[in-house]
Amino acid sequence: MKILSLTRPNFLRIPVILVFALYMILIAARFVPINKIAMLMIIGLILFRGLIYFKDIKLTRTVSFLFIIVFYNMILLLFFPSIHGLYYFFVQLISFTFITILTLGTLEETYLIRLSKLFNTFYYIFSIVFLIALALGKVNMTEQSFALGIYQPIFALSYFMLLQSKRPYLIIVWLASMPFLSGERGIAISLIILILIYYLIPILKLHKQIYKLFFWVVAFGVTSFQFVYVWLSSTEFGIRLNQLSGTYTEQNFFSGRQTIWGIMNDIILDSPFYGYGIGIGNSILESYNLYMSAHNTYVEILLSGGFIALFLFFGFMYSIWISMFEYLGEKSIRLSMSFLIATLIFGVNGVIFIGNDMSFTLFIWLIIGIASMRRNYIRQKIRNCDV
């Protein structure tokens, strides 16, 4: 009975091992052509079982924001109908429903420790494979590169490495070096930022108002980044910064995004409140003969649904952030919230949560979901002790 209680903790009446089986499939799918049907079946089962028990769950702030986001996206789809928009509507529906259901589950500490040890083993294997690929010259950011498959799982697996480490700051240099050597500066910087946030959280939790304010300062910073970036690119300081970046990292600080974001910023300001329709970003760029992504989550949100959509997105993320305040003494929760902020910052350099790369989105949702499941388990345990 003891073994069963450890290996089958309640997750909306789904064994948690099923949730983390998805994690392993996502990792493997970055390197080998695994049929996506398996991943979709697991996601579908989690969503299906979660929705069945939705009626038994109280209306939390996160659940409320999910309903509002879905409703607003339906309005956007009605006023700006397109097949492309319909596709992104379902992508976002799966994304936000998935994490909402995770926030309703529970996870035992013993089970999380066992999973952490398992995924640490994967991390060591990835590190060895990466070093071999680096020695063979197979690490770069071209479409045929090994690096494109490895840096996102490395980012996700680093959660378990940091969770098991007694002094996370001692291993962050190594954790960040692999994506940096891959040419993926965004992930490398995000890893450094998350460890800074990890050590900042004990200060933030001294006062709830400071904790709240910090989130919105980050939200304002990442939202305004593309406007500052475009302006900075034409200044003398920006030119000097670009030269220094080229000298020390062999990559320009202004990599061409200033051109893309400059176009997008003007279009955003023409319809700032409700945007132009879900997933419209690539179509707008194509009209300028630019066949690429905007590489910015907040540009895509503003184009799709304007400041209304942006507020709903941050409101959803804030509902998770603020619900953890009383439980930040738990390392897994503190670390998950560090990942939440670091990923929001990474969003200025890539499209996550709302876009096409669902595998990376699910990686991050699972990490954030761990915090919610641990919080729920602790609350449940406290209630049981009070009875």
Side-chain angles (χ1 to χ4, degrees), residues 60-100 103 215-230 257 260-285 287 293-322 340-341 343-358 360-362 364-365 368:
T60 66
R61 191 179 302 182
T62 304
V63 173
S64 299
F65 268 105
L66 169 67
F67 289 148
I68 298 171
I69 288 171
V70 172
F71 179 71
Y72 184 61
N73 281 350
M74 290 175 66
I75 293 175
L76 289 174
L77 196 59
L78 180 65
F79 281 92
F80 304 101
S82 69
I83 297 298
H84 196 65
L86 183 64
Y87 168 76
Y88 274 95
F89 172 82
F90 282 109
V91 166
Q92 292 183 30
L93 178 64
I94 292 171
S95 173
F96 288 103
T97 303
F98 179 75
I99 180 57
T100 301
T103 66
F215 177 89
W216 291 110
V217 168
V218 171
F220 176 79
V222 297
T223 302
S224 59
F225 180 80
Q226 73 263 22
F227 297 99
V228 175
Y229 187 85
V230 172
R257 285 181 172 83
I260 299 172
W261 293 348
I263 295 170
M264 295 300 209
N265 289 346
D266 291 338
I267 295 172
I268 287 168
L269 294 175
D270 286 339
S271 181
F273 296 108
Y274 51 83
Y276 300 89
I278 303 174
I280 197 67
N282 286 358
S283 299
I284 292 175
L285 283 174
S287 67
S293 165
H295 294 290
N296 187 304
T297 299
Y298 313 106
V299 169
E300 293 286 353
I301 292 175
L302 287 167
L303 285 170
S304 295
F307 285 105
I308 296 174
L310 190 70
F311 172 77
L312 291 176
F313 171 79
F314 282 119
F316 183 90
M317 302 302 289
Y318 176 76
S319 71
I320 299 174
W321 171 259
I322 195 61
L340 185 151
I341 296 297
T343 306
L344 288 179
I345 294 172
F346 172 77
V348 304
N349 192 52
V351 180
I352 189 170
F353 302 126
I354 62 163
N356 198 31
D357 194 349
M358 280 297 291
F360 190 37
T361 293
L362 294 178
I364 303 305
W365 280 147
I368 294 172

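- In this structure, CZ on F98 lies 10.5 Å from OG1 on T361, to the nearest 0.5 angstrom.
- Using modelled atom types, one side-chain atom of Y276 and one backbone atom of I267 make a donor-acceptor pair closer than 3.5 Å.
- The two atoms that bring L312 and F65 nearest to each other are O-CD2, 3.8 Å, heavy atoms only.
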Residue pair L76, F89: steps toward the side chain to side chain contact (heavy atoms under 4.5 Å, CB included) verdict: CA-CA 9 Å; L76 289 174; F89 172 82; over 6 Å; no

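- Side-chain atoms of T297 come within 3.5 Å of backbone N or O of I352 as a donor-acceptor pair.
- The two atoms that bring T343 and I364 nearest to each other are OG1-CG2, 3.6 Å, heavy atoms only.
- Using a 4.5 Å heavy-atom threshold, the side chains of N349 and F225 count as separate.
- Contact annotation: the side chain of L303 approaches that of I268 to within less than 4.5 Å [non-hydrogen atoms, C-beta and beyond].
- How far CD1 of I260 is from CD of Q226: 12.5 Å, rounded to the nearest 0.5 Å.
- Under the 3.5 Å distance criterion, the side-chain polar atoms of S304 are left unmatched by any main-chain donor or acceptor of I278.
- Annotation: F227, atom CZ; neighbour count of heavy atoms from other residues, nucleotides and ligands within 6.0 Å is above 12.
- In this structure a side-chain-to-backbone donor-acceptor pair under 3.5 Å is present from Y72 to G305.
- Remark: side-chain polar atoms of T62 are not paired, donor with acceptor, to backbone N or O of T100 under 3.5 angstrom.
- T97 places no side-chain N or O within 3.5 Å of a backbone atom of I94 that could act as its donor or acceptor partner.
- Proximity of Y87 to I83: side-chain heavy atoms (C-beta onward) are nowhere separated by under 4.5 Å.
- Note that CG of L302 is 10.0 Å distant from CD of E300, once rounded to the nearest 0.5 Å.
- Contact check for V70 versus F67: no side-chain heavy atoms found under the 4.5 Å cut-off.
- The line from CD1 of I301 to CD1 of I354 is 4.5 Å long, rounded to the nearest 0.5 Å.
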Steps toward ring-ring contact (aromatic ring centres under 6.0 Å, His included) verdict (Y318, F314): CA-CA 6 Å; Y318 176 76; F314 282 119; over 10 Å; no

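- Looking only at distances, a side-chain donor or acceptor of Y298 sits under 3.5 Å from a matching main-chain atom of L344.
- When Y88, W365, F96 are each tested for a ring pair (Phe, Tyr, Trp, His ring centres under 6.0 Å) with F353, only one passes: W365.
- Between the N296 side chain and the V348 main chain, a donor and an acceptor come within less than 3.5 Å of each other.
- Nearest heavy atom pair, residue P81 against residue L78, reads CD-O, 3.6 Å.
- Between S224 atom OG and Y229 atom OH the span is 14.5 Å, to the nearest 0.5 Å.
- The side-chain heavy atoms of I75 and F71, taken from C-beta on, include a pair separated by under 4.5 Å.
- Nearest heavy atom pair, residue Y274 against residue S271, reads CE1-OG, 3.8 Å.
- Separating the CG atom in L310 from the OG1 atom in T223 is a distance of 4.5 Å, to the nearest 0.5 Å.
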